[in-house]
Number of protein chains: 2
Amino acid sequence: MMTSNEYIKKALQSLKNSPLKTTKQRVDIIKILFSEGNNHFTVEDVHNKIEKLGLNISLATVYNCLNQLTENGIVKSVKTSCNKIYFDTNTTSHHHFFCKNSSTLIDIESKNIKISKLPKIPNGKKLDSIEIVVNLTE
Amino acid sequence: MMTSNEYIKKALQSLKNSPLKTTKQRVDIIKILFSEGNNHFTVEDVHNKIEKLGLNISLATVYNCLNQLTENGIVKSVKTSCNKIYFDTNTTSHHHFFCKNSSTLIDIESKNIKISKLPKIPNGKKLDSIEIVVNLTE
DNA sequence: TACTAAATTAGAATAATTCTAATTTACGAT
DNA sequence: ATCGTAAATTAGAATTATTCTAATTTAGTA
């Protein structure tokens with residue numbers, strides 16, 4: 001199990017290895033995202049934390065930053081049956097519980113869910129990814 | 001295999017059996033939705049067909065109608081990794097291919113996909129539904 | 001230290017959807 | 001058949017999430 005500092009360090013290293021510049025805003029956002037290890041955030045969540053910390057990062061930057069971290073494999077984005085995009089600090093292949101009442105995501109490790117039969121992929125297309133969401137109620 | 005008229009008749013009967021009133025607009029929209037059997041529509045798709053047919057149904061009504069048909073089990077709604085809600089005339093339990101390039105949905109029959117292992121449902125929650133989306137590229 | 005492409009920013013723009021409040025309609029009761 | 005009423009429809013405003021724009025600032029290389 002990694003400590004939160006290790007998660008942050010690792011993510012900052014990925015940022016350095018990416019073509020993205022290491023700006024103050026990106027470092028602050030990465031610290032917020034990875035301060036609790038694997039976690040899920042909406043843009044709103046991140047922006048709220050920024051305000052609470054007294055940091056001054058515009059909403060546009062939060063969007064830009066999260067999108068670019070996603071494009072560069074530092075976080076992952078997840079769409080759910082509510083209308084917001086969630087950003088996931090767990091970039092390994094995995095699936096999700098989604099609780100409709102509380103609008104929260106919970107990771108399902110790959111090894112804990114198994115598909116034993118898949119349909120034939122339509123002609124001319126190729127498999128990109130399989131997303132499984134197990135919807136929960138309270 | 002049902003004919004399109006049979007699909008329409010069946011849906012209109014479900015409308016009659018529901019607490020919803022049988023209005024001209026709802027009948028027109030059901031005819032559009034079910035005229036090709038199982039199919040997927042965005043609100044925009046439906047509204048375009050309405051315009052093309054020279055019908056006069058406001059966008060608000062299309063939204064209201066599709067939402068209420070969904071609430072009453074006459075259609076199903078599907079969220080995809082693009083940001084639109086799709087309405088699905090197939091109300092049986094099934095899954096989807098989603099082609100990211102063309103933004104199209106294709107049904108996967110329940111029997112053609114099988115989950116052989118499921119994680120433990122978190123305490124205090126209960127299983128609502130499992131949504132599997134097999135994302136495709138061209 | 002200076003240069004330049006990239007990043008940040010505020011605010012406008014867009015896109016999908018929902019809300020509002022006035023008008024119209026479906027349909028059960030008369 | 002007609003009436004009364006709750007439900008449905010409507011146009012347009014409002015909201016929500018997100019992206020765009022264009023001016024300013026900054027990171028990192030030369």
Side-chain angles (χ1 to χ4, degrees), chain A residues 12-32 40-51 53-72 74-75 77-88 98 103 105, chain B residues 12-32 40-51 53-72 74-75 77-88 98 103 105:
Chain A
L12 290 175
Q13 191 54 51
S14 304
L15 177 62
K16 240 170 221 153
N17 296 341
S18 80
L20 301 175
K21 289 184 178 174
T22 299
T23 63
K24 184 186 178 316
Q25 290 86 341
R26 283 177 181 154
V27 170
D28 285 341
I29 288 172
I30 282 178
K31 282 180 182 167
I32 287 170
H40 307 93
F41 293 93
T42 62
V43 166
E44 205 190 346
D45 293 336
V46 175
H47 199 239
N48 286 345
K49 292 224 172 192
I50 284 167
E51 306 243 287
L53 292 168
L55 301 169
N56 256 66
I57 307 179
S58 83
L59 192 56
T61 301
V62 180
Y63 273 100
N64 288 341
C65 177
L66 289 172
N67 286 336
Q68 280 170 317
L69 293 183
T70 302
E71 279 158 27
N72 288 278
I74 298 165
V75 301
S77 78
V78 187
K79 300 259 170 99
T80 61
S81 47
C82 80
N83 267 349
K84 289 178 185 172
I85 299 169
Y86 281 75
F87 293 90
D88 190 345
F98 180 65
S103 286
L105 278 171
Chain B
L12 290 176
Q13 190 56 52
S14 304
L15 177 61
K16 241 171 221 154
N17 295 341
S18 80
L20 302 175
K21 288 185 177 174
T22 299
T23 64
K24 184 185 179 315
Q25 290 87 342
R26 283 178 181 152
V27 171
D28 285 342
I29 289 173
I30 282 179
K31 283 179 180 167
I32 288 170
H40 306 92
F41 292 93
T42 62
V43 166
E44 205 189 348
D45 294 334
V46 175
H47 199 237
N48 286 346
K49 292 225 171 190
I50 285 167
E51 306 243 287
L53 293 169
L55 301 170
N56 255 67
I57 306 179
S58 83
L59 191 56
T61 299
V62 180
Y63 274 100
N64 288 341
C65 177
L66 289 172
N67 286 336
Q68 280 169 319
L69 294 182
T70 303
E71 280 159 27
N72 288 278
I74 299 166
V75 302
S77 78
V78 187
K79 300 258 170 102
T80 61
S81 48
C82 80
N83 267 349
K84 287 177 187 174
I85 299 169
Y86 282 76
F87 293 90
D88 190 345
F98 180 66
S103 286
L105 278 173

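The structure presented is a predicted model; accordingly, all values stated were derived computationally and were not measured.
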In terms of the nearest nucleotide of DNA chain D, which residue is placed more toward the 5' end: B:Pro19 or A:Thr23?
B:Pro19
Nearest-Å distance for atom pair NE2/C1', residues A:His47 and D:dA17
14 Å
What integer distance in Å separates B:Leu55:CG from D:dT10:P?
11 Å
State which of C:dT17, D:dT18, C:dC27 makes the closest approach to the side chain of B:Tyr63.
C:dT17
Will you find, in the side chains of A:Asn17 and A:Ser14, an N or O donor that is under 3.5 Å from an N or O acceptor?
no
Which of C:dA16, C:dT8, D:dT18 is nearest the side chain of A:Arg26? It is C:dT8
Could you give the CG-to-P distance, from A:Asn67 to C:dA6, as a whole number of Å?
18 Å
What contact category does B:Thr61 fall into here, base, sugar-phosphate, or nothing, at under 4.0 angstrom with non-hydrogen atoms?
base
Would you kindly give the CG-to-P distance between A:Leu15 and D:dA27, to the nearest whole Å?
12 Å
Which nucleotide in D:dT19, C:dT18, D:dA7 has an atom nearest any side-chain atom of B:Lys21
D:dA7
Would you mind reporting whether B:Asn67 and B:Phe87 have side-chain heavy atoms less than 4.5 Å apart?
yes
Counting side-chain heavy atoms from C-beta on, which of D:dA11, C:dT18, C:dA10 comes nearest to B:Ala60?
D:dA11
Is there side-chain contact between B:Val62 and B:Ile57, with at least one heavy-atom pair below 4.5 Å?
yes
Nearest to the side chain of A:Gln68, heavy atoms from C-beta on, is which of C:dA7, D:dA11, D:dA6?
C:dA7
Closest listed nucleotide, where the reference is the side chain of B:Val43 and the choices are C:dT17, D:dT10, D:dT18
C:dT17
In whole Å, what is the span from the CD atom of B:Gln25 to the C1' atom of D:dT10?
9 Å
A:Leu59 has an atom CG; how far is it from atom P of C:dT8, in whole Å?
14 Å
Have a look at B:Thr22 and say if it touches a base, only the backbone sugar-phosphate, or nothing, with a 4.0 Å heavy-atom cut-off.
sugar-phosphate
Taking the nucleotide of DNA chain C with the nearest heavy atom to each, does A:Leu20 or B:Glu44 sit closer to the 5' end?
A:Leu20
Applying a 4.0 Å non-hydrogen cut-off, can you work out what B:Asn64 is touching in the nucleic acid: base, sugar-phosphate, or nothing?
base
Indicate yes or no: does A:Lys49 engage A:Asp45 in a salt bridge with an N to O separation below 4.0 Å.
no
Just how far, in rounded Å, is P of D:dT9 from CD1 of B:Ile50?
11 Å
B:Leu69 side chain reached by B:Ile30 side chain, heavy atoms, under 4.5 Å:
yes
Nucleotide D:dA7, atom P - distance to CG of B:Asn72 in whole Å
13 Å
